[in-house]
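The sequence lines fix the lettering, A, B, ..., with proteins before strands; numbering per chain opens at 1. Heavy atoms only: backbone and side chains are in, while hydrogens, waters and symmetry mates are out.
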Amino acid sequence: MKSRRDFIKTGLAFGAALSCPGVTGLFAEEKSAAAPPVAATVTRPVLVAVREGGRAAMLDRALAEFGGIGAFVKPGQTVLIKPNIGWDVPPERGGNTHPELVSRLVTLCLGAGAKSVSIFDNTCDQWQRTYANSGIGPAAEAAGARVVNGKDESLYREVEIPSGVKLRRTKVHSLVLDSDVFLNVPVLKHHSGALMTAAMKNLMGVVWDRRFYHNNDMPQCIADFLTVVRPTLNIIDAYHPMVRNGPRGRSAEDVVLMRTLLASTDIVAVDAAAAKLLGHAPTDVRHVQLAAQLGLGTIDLGAVDIRRLKLA
Amino acid sequence: MWRPRLKPIRVAGALAVGGGLTLALLDFRSAAPAPLGHWLASVQLVPAAVALATGVGLVAAVIAGMILVGTLLVGRVYCSVVCPLGVLQDVIPRLALRRRQPRLPHAQPKNALRYGFLGLCVAGVAAGWGGLTLALLDPYSHFGRIATGLFQPLLVLANNAIVGLGERLGVPLLYRVEAPWLGWGALALPLFMLTLVGMLAVWRGRLFCNTVCPVGTLLGLMARRGAWRLTLDRAACHKCGNCLQACKAQCIDLRAGAIDVSRCVACYNCVDVCAERAIAYRFAWIAPARKLGTAAATPADLGRRTFIADATVLAVATMSMTPPPPAAAKPVPVVDDNRSGAVCPPGAGSVERYLSRCTACHLCVSACPTHVLRPALFEYGVAGMLRPRLDFNRAFCNYDCRRCGEVCPDGAIALLDLPEKHVTRIGRSVFTEDLCVVKKKGTDCSACSEHCPTKAVDPVPYRGNLRLPALKAELCIGCGACEFACPVVPEKAITVNGRRRHERAQKPVEKPLAPAPAAKDFPF
């Protein structure tokens with residue numbers, strides 16, 4: 001149990017560290033979590049918000065704002081794309097990232113010269129059914145990605161989380177630890193336990209033991225995990241977010257058409273914006289609030305360089 | 001005169017049916033289409049008979065009729081081509097490292113035993129213990145359990161070894177699968193049966209089929225009245241003994257020049273090795289058995305008498321046994337009189353219906369994509385042994401899946417339409433607030449609600465900003481997702497009680513959502 005003093009110390013340490021340009025890499029245990037390559041000027045992170053386009057078109061437009069996919073993926077690099085593939089439901093239910101978005105991203109990464117593009121999730125429903133019925137398995141394979149089993153414990157490795165408040169160690173999928181580029185591509189949804197699931201919550205799908213999170217202050221664990229693994233880029237699919245009965249949803253009537261896509265290297269900022277899309281104050285989403293307290297990103301959207309783009 | 005060689009045809013048929021069924025039972029990747037296992041299991045006599053009794057109808061009637069009529073026409077072809085346990089007994093001696101088959105001299109039939117087992121089987125069914133009796137005696141179900149429980153884990157281990165090798169060589173072709181180990185309790189019987197059948201096959205050919213197996217004995221009774229019977233032409237026979245060497249059933253009596261067709265499994269090995277072509281099918285519909293010398297008359301008559309005596313004794317004995325006592329007879333008064341110790345799959349209707357029909361072939365255990373279906377030990381009571389139950393400690397029932405119903409050959413698990421399955425309540429969740437993480441630790445969780453496909457458990461506001469799970473029992477279908485997801489150990493905060501008679505849940509009604517505030521621009 002950490003005392004409040006420890007907690008503040010940790011927070012201050014991180015805040016201080018992050019305020020120095022270029023040292024975020026120090027906190028990255030693995031290369032995949034390395035400092036974002038471009039645009040993440042530490043003082044004013046860039047958040048791109050695109051509306052009123054098709055999924056692929058909004059992705060292309062958002063990436064253009066960062067200078068194209070080449071800003072993140074260099075020739076010969078290995079790429080991991082982590083969509084939300086939690087539930088055995090078809091795309092129109094909004095329970096998973098849309099396959100069209102994943103497929104487009106795979107194509108872009110391979111086009112940028114990526115050596116390999118891998119995809120997996122530690123699914124909640126039976127994994128083969130979920131990969132297939134979400135549409136992501138077939139779409140990603142067709143686009144040239146390697147679809148990897150997220151239910152194979154031998155592919156997970158134990159990682160220490162020295163600055164974790166509740167989560168001190170956990171087993172992480174080796175693709176997260178070994179890939180050069182880690183693209184976090186969640187779908188935006190209502191969540192009965194965490195209020196909202198977007199970029200940060202999606203990372204629960206790269207650890208083996210989720211029950212530990214649930215048993216030990218889940219929002220704190222979600223925030224703690226970010227101290228060792230941070231995605232290169234976060235892209236949130238808010239084309240038709242699920243606004244009730246989340247995270248699994250009960251029917252296609254649980255989604256509303258919003259035609260929005262968010263992208264940022266700052267995972268706290270992008271989740272803060274996502275919270276607002278669902279009508280929540282960012283600070284109401286506890287894991288977002290806790291991550292901000294740990295100094296892992298910017299929750300104050302006033303301090304973010306938001307590029308608001310409309311395609312129509 | 002040219003005659004078709006019968007043995008290669010028999011072998012080809014056996015490989016097709018036995019191979020296909022083995023494939024379906026070993027299919028740990030759910031790669032084989034569900035109809036493959038379903039149909040190859042449906043053409044087995046016991047599943048077809050159960051399906052007929054269950055009222056599954058015309059198809060089962062046709063199948064059972066074809067097996068019986070076929071046997072009446074040409075003998076026990078079923079035992080060499082259709083029955084997978086029979087085929088297994090032909091395969092095992094080939095795998096046993098012996099150069100030559102042992103020479104099995106002609107032997108007298110073990111009539112007391114074989115008619116005893118058949119009588120036991122009939123009596124068991126008549127006494128209302130049909131499910132358990134057939135589970136313990138049906139050859140197909142024995143094979144199903146052997147393949148699923150013993151062979152499949154070996155295949156999975158081999159698969160995982162190949163995956164490991166592939167990873168080292170940098171060729172990611174397959175994926176690892178958790179070994180489907182069902183536990184020693186559930187595997188004790190299959191292991192015993194495999195040992196018994198295997199040893200008998202190596203040392204005594206088809207002795208199992210002609211002493212223990214009630215299907216073999218029943219078909220033997222019909223084969224004795226067969227239209228075409230394998231017959232020894234005494235004039236042509238040189239008594240070289242090649243047929244004795246080849247016969248697995250010890251049913252050729254060279255001295256009497258007779259073949260006991262009630263024990264002959266129609267493997268045609270003798271036909272194949274007889275240089276004189278002295279053994280062939282001959283029409284014998286009208287002629288009494290003794291004139292053609294197919295079976296020695298006296299043993300056959302004796303057999304019939306023994307059978308009738310045994311059957312009567314066993315029927316009376318078994319009928320005097322009482323069927324499993326209903327739960328209401330429990331000494332402790334229970335409020336929930338529909339509660340069951342184990343959860344049976346959707347489509348089973350009720351535990352009673354399910355247990356009276358399921359012969360525990362474990363085809364569904366093998367086919368279940370989440371592996372939530374596992375053989376019971378005593379969770380259903382002694383009479384429910386080996387029958388699959390849903391084990392929510394390991395997994396939960398996938399909302400949109402009905403694979404168990406698709407493969408089940410005898411209607412024990414009826415195939416429900418998906419909308420029907422979505423409102424079929426197999427269990428009911430019970431929430432113990434005091435155990436819940438939210439109350440105990442004061443932190444958010446809601447893993448149960450996350451997983452619930454109907455939102456029968458949905459959190460409500462609780463102290464501060466916390467949300468505490470709350471049940472809407474009318475929506476619960478008992479899929480077990482909540483129990484599986486609950487992180488509390490060792491006793492879970494939310495569990496599912498089985499329903500003896502399956503109930504109907506309410507279909508959730510959705511209020512229409514207000515359209516998205518599309519014109520609202522960006523809310524930040």
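Counting heavy-atom pairs closer than 4.5 Å to chain B, the top residue among Met218(A), Arg250(A), Arg248(A) is Arg250(A). Among the candidates Asn398(B), Leu466(B), Thr370(B), Asn465(B), the residue making the largest number of heavy-atom pairs closer than 4.5 Å to chain A is Asn398(B). Taking chain B as the reference chain and counting heavy-atom pairs below 4.5 Å, the highest number among Val255(A), Asn149(A), Asn215(A) is found for Asn215(A). When the candidates Cys452(B), Pro512(B), Gly164(B), Pro369(B) are compared by the number of heavy-atom contacts under 4.5 Å with chain A, Pro369(B) comes out ahead. In terms of heavy-atom pairs under 4.5 angstrom with chain B, the leader among Gly249(A), Gly246(A), Gly86(A), Gly279(A) is Gly246(A). Residue with the most contacts toward chain A among Glu510(B), Arg29(B), Lys511(B): Glu510(B) (heavy-atom pairs, distance under 4.5 Å).
Using a 4.5 Å cut-off between heavy atoms, Thr197(A) does not touch chain B at all. Within the 4.5 angstrom heavy-atom criterion, only side-chain atoms of Pro459(B), from C-beta onward, approach chain A. Looking at Ala194(A), the atoms closer than 4.5 Å to chain B (heavy atoms on both sides) all sit in the backbone: N, CA, C or O. Proximity to chain B (any heavy atom under 4.5 Å) is shown, for Arg259(A), by neither the backbone nor the side chain. Contacts between Arg210(A) and chain B at a heavy-atom distance below 4.5 Å are absent for every atom of the residue. For Val89(A), no part lies near chain B; criterion is any non-hydrogen pair under 4.5 Å. Only the side chain of His191(A) comes within contact range of chain B, with at least one heavy atom under 4.5 Å from a heavy atom of that chain. Of the two parts of Leu262(A), only the side chain, counted from C-beta on, holds a non-hydrogen atom closer than 4.5 Å to a non-hydrogen atom of chain B. Heavy-atom distances place no part of Cys448(B) under 4.5 Å from chain A, backbone and side chain included. Residue Asp152(A) touches chain B through its side chain alone, counting heavy-atom pairs closer than 4.5 Å. Residue Asp254(A) touches chain B through both its backbone and its side chain, counting heavy-atom pairs closer than 4.5 Å. If you measure heavy-atom distances from Asp217(A) to chain B, the contacts under 4.5 Å come from both the backbone and the side chain. Only the side chain of Leu155(A) comes within contact range of chain B, with heavy atoms under 4.5 Å apart.
Glu178(B) has no carboxylate O lying under 4.0 Å from a charged side-chain N of Lys151(A), or vice versa, which leaves the two without a salt bridge. Using a cutoff of 4.0 Å between basic side-chain nitrogens and carboxylate oxygens, Asp521(B) and Arg51(A) are not scored as salt-bridged.
Separating the CG atom in Asp400(B) from the CG atom in Asp88(A) is a distance of 5.5 Å, to the nearest 0.5 Å. Ser154(A) contributes atom OG, which lies 6.0 Å from atom CD of Glu167(B) (distance to the nearest 0.5 angstrom).
Within residues 473-492 of chain B, the residues having any heavy atom under 4.5 Å from a heavy atom of chain A are, by residue number, Leu475(B), Phe484(B), Ala485(B), Cys486(B), Pro487(B), Val488(B), Lys492(B). When the heavy atoms of residues 424-445 of chain B are compared with those of chain A, the residues falling under 4.5 Å are Val437(B), Lys441(B), Thr443(B), Asp444(B), Cys445(B), listed by number. Residues of residues 122-130 of chain A having a heavy atom under 4.5 Å from any heavy atom of chain B, listed by number: Cys124(A), Asp125(A), Gln126(A), Trp127(A), Gln128(A), Arg129(A).
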Applying side chain to side chain contact (heavy atoms under 4.5 Å, CB included), run through Lys310(A) and Phe522(B) and close with a yes or a no.
CA-CA 10 Å; Lys310(A) 277 191 160 185; Phe522(B) 295 96; 4.2 Å; yes

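Every residue was checked against the side-chain hydrogen bond (donor to acceptor under 3.5 Å, both in side chains) condition with Arg467(B), not counting sequence neighbours, and none meets it.
The main-chain N or O of Phe524(B) is found under 3.5 Å from a side-chain atom of Arg308(A) such that the two form a donor-acceptor pair.
Between Pro523(B) and Lys276(A) the shortest heavy-atom distance is O-CD, 3.4 Å. Shown here for Ser446(B) and Ser192(A), the closest heavy-atom pair between the two residues is OG-O, 3.8 Å.
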